[in-house]
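Report on the following structure.
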Amino acid sequence: MVGDLYFLFIFYLKCFKQSIWELYSSLVGGSNATFIGCQLRLNLIEEEGNCNSWLSLHQSTLMLTGYKNVFQRILSLTCRRSYHESISQTLACSTFSSHSKLSALRSSFFSDPSHCNSRSYQLSTHLHLCHCYSFSCSLSHSSRTTGPMDLKEVLKVLEELAPLSLAESWDNVGLLVEPIKCRPIKTILLTNDLTDSVMSEAEAMNCDLIISYHPPLFHPIKCLVSKNWKQRLAIRAITAGIAVFSPHTSWDSVKGGVNDWLAGGVGSGKVSVLSQSFSSAPQSHKLEFTARSLEELNTIMAELKGTNSGVNLQHTAVSSETDGFFISLICPDSGLTPSVQTLLQHATPSQSLSILQVKQRPLPGYGQGRLSVLDEPVTVAAAVQQMKSHLGLNHLRLALGAQQTLESIVSTVAVCAGSGGSVLNGVKADLYITGEMSHHEVLDSVAAGASVILSDHSNSERGFLAVFKKRLAGHLSNSITVALSQADRDPLEVV
C-alpha cells in the first residue's frame, strides 16, 4: 500500500502537475489542512538507472492548521525510502481505499526506461485539482464520495472554491434563500440570472439548490410580496424547498475565475490583476507612544490587557536614555477604542500617541479585472473572431480605437466581466473586452487609442458556468447532479 501511495505521488507530479496543496490534502485530509498564503516549489530529480527521487519542498509563507506534525514529516522527506518510512508513521491520519488498481500501472510506469532518464522537473503549482484515480481520504474534499451531502456541506465546498470574502463590499453574495426544511442536495442548477423561466426549470427538475451568478435579491426589502418579480422568485423557492446561492463578484475576483476565463479568450499571456484584492483578516491598528520609565510601561500594559480581555495585543518597546521607552502596539479594530481611552489617561502616552491603520495584505492573482500581455499578438479582427468563438456568440460590438484598423496589432488586452467601464478606465491596453460600457466611456477609451469589444453584460459571464460545473462536480458526491440552465440567456439579442 505504501508503494501505491508513492507511485500516486510521482504519477500526479509527472503526468498532471498536481498542486502540492491538493496532493497533501488528499494524503492527510484537506478540511483540516488549510494553507494561507502558501507558495511552494517542488524539485523532482531522478538519477540515471534508478527511481530514487529526491524531493525538496521550499516554503515561502506557510500557515498550517491541523496535521502540523504530519506535514513536517512530509517536508523532511529526502528519498524514496524515507518517504516510505514517514508515510508508514502517518497512515493513522488518513483512511485509504480503492488502491489495488495502482499496482499494475505502477509496475509498468517504473519499468519503462523512458521514465528513468536523468532529468529534473521544476513545477510551479497552482490551486487546482486534477483527478487521476478515485480513492477515498478522510476529510479530503479533493476526492469524490458517494454518500449524500446536505446544504451546509455544499456551501462549504463553494466557499473553498471561491471565498465570499473576495466579493466587493457593495455586493450581496452567499446564501440568499434557505429552505425551511433541510434535505439532502441531489440536484444543483447553475444559471447566470434567476428569472421566472429559470425558476420554472428548477421546479420541473426538482432542484435542491440554484446557484445564480447574479444575486436575485440585491437591495434590502421591507416586505415579501408576489407583485415584485424578484420577491416572487424568493417565495417560489421557499415554497419548493429550493435554496438559492449567489457568488457574483467573488467568482470575478478569484484566481481562475470569470475574469481569468474571459482573458483567456484572446489567447494565453502574462496575466495581472487590475484592481487588487486584499486579505479579509480583521482590520488592525498600530498605536505608537512613549513611557517615561519601565514602571510606567508595565502599568500601562497591565491596564491595556485588563481593558482588552480576550483581545490579542502585540507590542515592542525600545528604550532610550533620554526619552524613556518608545512603544509600538498592534491591536485589532475591536480593541482600538478601549486602548486609546486607556492611553489618554496617562500624561506621557496621551501627548505622544499616534494611530496608524495597518494595511491589509494583498492577495496576488485575486481581484477585479485582468490585463493580459499576449504571448502571441493578434490583429483586432482575429481577436473579434476568437472572442466570438470563446463566448459562443454570432455577433459582438466593436469600437476601433483612434488611428486603429481591423488589421492593427493587439499585444495587450484588458478585460472585466459584466459592466467594466470603471475598472478599465485609464488602463493602458490595445483592446478592452467587457460586457457593457456607457456611451461616454466608450468614447473616452477610443480617444485614448484602445479598441473596445462589447458582448452585452451577461454574455461576458455565462460561458464560465460550464467551466465551474466541472470544477464543482469534482468536489461533490457522485450522487449529486450539477446542471446548466437551458432557460438562462441574456435579455438582449440582435434582431
Side-chain angles (χ1 to χ4, degrees), residues 32-40 59-66 68 71-72 159-160 162-174 249-250 253-255 272-369 422-423:
N32 283 342
T34 302
F35 285 74
I36 302 175
C38 178
Q39 296 178 339
L40 296 175
Q59 175 184 6
S60 175
T61 304
L62 177 64
M63 295 175 62
L64 184 63
T65 61
K68 181 176 181 181
F71 191 62
Q72 288 175 341
E159 175 68 16
E160 291 173 348
L164 295 177
S165 60
L166 295 174
E168 296 297 294
S169 58
W170 49 261
D171 208 354
N172 187 37
V173 296
T249 52
S250 66
S253 178
V254 72
K255 185 183 296 185
S272 57
V273 174
L274 294 179
S275 179
Q276 179 70 58
S277 286
F278 293 85
S279 170
S280 61
Q283 182 64 58
S284 58
H285 305 269
K286 178 188 289 187
L287 308 182
E288 296 179 339
F289 57 94
T290 59
R292 291 170 298 177
S293 63
L294 179 60
E295 181 180 359
E296 184 180 41
L297 171 60
N298 291 336
T299 300
I300 293 173
M301 293 310 302
E303 292 180 8
L304 286 171
K305 291 180 180 178
T307 57
N308 290 277
S309 179
V311 176
N312 182 28
L313 299 177
Q314 300 175 342
H315 79 282
T316 57
V318 179
S319 62
S320 170
E321 294 182 358
T322 58
D323 299 324
F325 291 86
F326 176 80
I327 299 96
S328 178
L329 174 73
I330 302 295
C331 72
D333 193 61
S334 60
L336 178 61
T337 299
S339 296
V340 171
Q341 290 175 342
T342 298
L343 293 172
L344 291 179
Q345 296 174 9
H346 297 266
T348 304
S350 64
Q351 294 175 2
S352 59
L353 178 62
S354 66
I355 304 174
L356 303 173
Q357 190 175 68
V358 178
K359 292 183 178 180
Q360 298 287 64
R361 180 176 58 84
L363 300 175
Y366 294 79
Q368 300 301 318
S422 60
V423 175

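Owing to the predicted nature of the structure, the values given are computational and were not obtained by experimental measurement.
- Side chain of Ser352 to main chain of Thr290: a donor-acceptor pair is present (N/O by atom type, distance under 3.5 Å, no hydrogens or angles).
- Within the 4.5 Å cutoff, side-chain heavy atoms of Leu297 are placed close to those of Leu294.
- In this structure, Lys359 NZ and Ser284 OG are separated by 13.0 Å, a value rounded to the nearest 0.5 Å.
- Here the CG atom belonging to Leu164 is positioned 4.5 Å from the CD atom belonging to Glu159, to the nearest 0.5 angstrom.
- Side-chain contact between Gln341 and Thr307 is absent, with no heavy atoms from C-beta onward closer than 4.5 Å.
- Partners of Asn308 under the side chain to side chain donor-acceptor pair (under 3.5 Å) rule, at least two apart in sequence or in another chain, are Ser339.
- Lys286 places none of its side-chain heavy atoms less than 4.5 Å from the side chain of Leu329.
- Closest approach of Ser275 and Val273 over heavy atoms only: O-CG1, 3.4 Å.
- The residue from Thr342, Leu343, Leu336 that alone fulfils the side chain to side chain contact (heavy atoms under 4.5 Å, CB included) condition with Val340 is Leu336.
- Note: Phe325 CZ to His315 NE2 = 10.0 Å, rounded to the nearest 0.5 Å.
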side-chain contact (heavy atoms from CB on, under 4.5 Å) for Leu353 and Leu287? Distances and angles first, verdict last.
CA-CA 7 Å; Leu353 178 62; Leu287 308 182; 4.2 Å; yes

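- The salt bridge (Lys or Arg N to Asp or Glu O under 4.0 Å) analysis of residues 292-314, with sequence neighbours excluded, yields the pairs Arg292-Glu296.
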When you look at Thr316 and Phe326, which way does the side-chain contact (heavy atoms from CB on, under 4.5 Å) test go after all the steps?
CA-CA 8 Å; Thr316 57; Phe326 176 80; over 6 Å; no

Please report the C-alpha distance between Tyr366 and Val254 in whole Å, then the side-chain angles of each, then the deciding distance to 0.1 Å, and finally whether the side-chain contact (heavy atoms from CB on, under 4.5 Å) criterion is met.
CA-CA 5 Å; Tyr366 294 79; Val254 72; 3.7 Å; yes

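- At a threshold of 4.5 Å between non-hydrogen side-chain atoms, the residues Asp333 and His285 count as touching.
- Of the possible donor and acceptor atoms, one in the side chain of Gln276 sits under 3.5 Å from a partner among the backbone N and O of Leu363.
- Although no hydrogens or angles enter the test, the distance criterion places a donor-acceptor pair under 3.5 Å between the side chain of Thr249 and the main chain of Glu168.
- In this view, Ser422 satisfies the side chain to side chain donor-acceptor pair (under 3.5 Å) rule with no residue, not counting sequence neighbours.
- With hydrogens and angles disregarded, a donor-acceptor distance shorter than 3.5 Å links the side chain of Gln360 to the backbone of Ser279.
- Phe289 contributes atom CZ, which lies 11.0 Å from atom OG of Ser350 (distance to the nearest 0.5 angstrom).
- Atom CD1 of Ile300 is separated from atom NE2 of His346 by 5.0 Å, given to the nearest 0.5 angstrom.
- The shortest heavy-atom contact between Leu166 and Ser253 is O-CB, 3.7 Å.
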